[in-house]
Amino acid sequence: IEVLVRHRCESLLSMGGSLGFVYKLLKKAESNFEKSSSTNYHILGLIYYRLGQIQHKQDNYSEAKLYYKKSNQIYSELKDS
């Protein structure tokens, strides 16, 4: 699933998808994850990482930093990279 999320984001951006559109999709994915009973926090970590990338590309460095921190916290707790 992680590879699918990563590939989908990259595909949307390479096909000319706007950062705003991809951002909205990722925010929806975040919301869906929080409502689900999923315990695969790798996905949530990836969502936060990609949200951070989008914010960084839009020069929203403080927002990017918050998403990167969330992602890092999840992966640190999972003892993963």
With sequence neighbours excluded, residues passing side chain to side chain contact (heavy atoms under 4.5 Å, CB included) with Gln73: Glu77
Residues forming a ring pair (Phe, Tyr, Trp, His ring centres under 6.0 Å) with Tyr49, sequence neighbours excluded: Tyr68
Spacing of OH belonging to Tyr23 relative to CD belonging to Gln55, to within rounding of 0.5 Å: 5.0 Å
Common cluster, Tyr75/Tyr67, ILVMFWY with side-chain heavy-atom separation under 4.5 Å: yes
Sequence-distant partners of Asn32, side chain to side chain contact (heavy atoms under 4.5 Å, CB included), two or more places apart: Lys28
Co-membership, hydrophobic cluster, residues Leu26 and Leu19, 4.5 Å side-chain: yes
Spatial distance of atom NE2 (His42) from atom OG (Ser71) [nearest 0.5 Å]: 10.5 Å
Nearest-0.5 Å distance, CD of residue Gln53 to CG of residue Leu51: 9.5 Å
Residue pairs involving residues 30-39 (criterion salt bridge (charged side-chain N to carboxylate O under 4.0 Å, His left out); sequence neighbours excluded): Lys27-Glu30
Residues in ring pair (Phe, Tyr, Trp, His ring centres under 6.0 Å) contact with Tyr41, at least two apart in sequence or another chain: Phe33
Closest non-hydrogen atom pair between His56 and Ala64, with its separation: N-CB, 3.6 Å
Least distance between heavy atoms, Ala29 atom then Ile47 atom: CB-CD1, 3.8 Å
Partners meeting side chain to side chain donor-acceptor pair (under 3.5 Å) with Asn72 (sequence neighbours left out): none
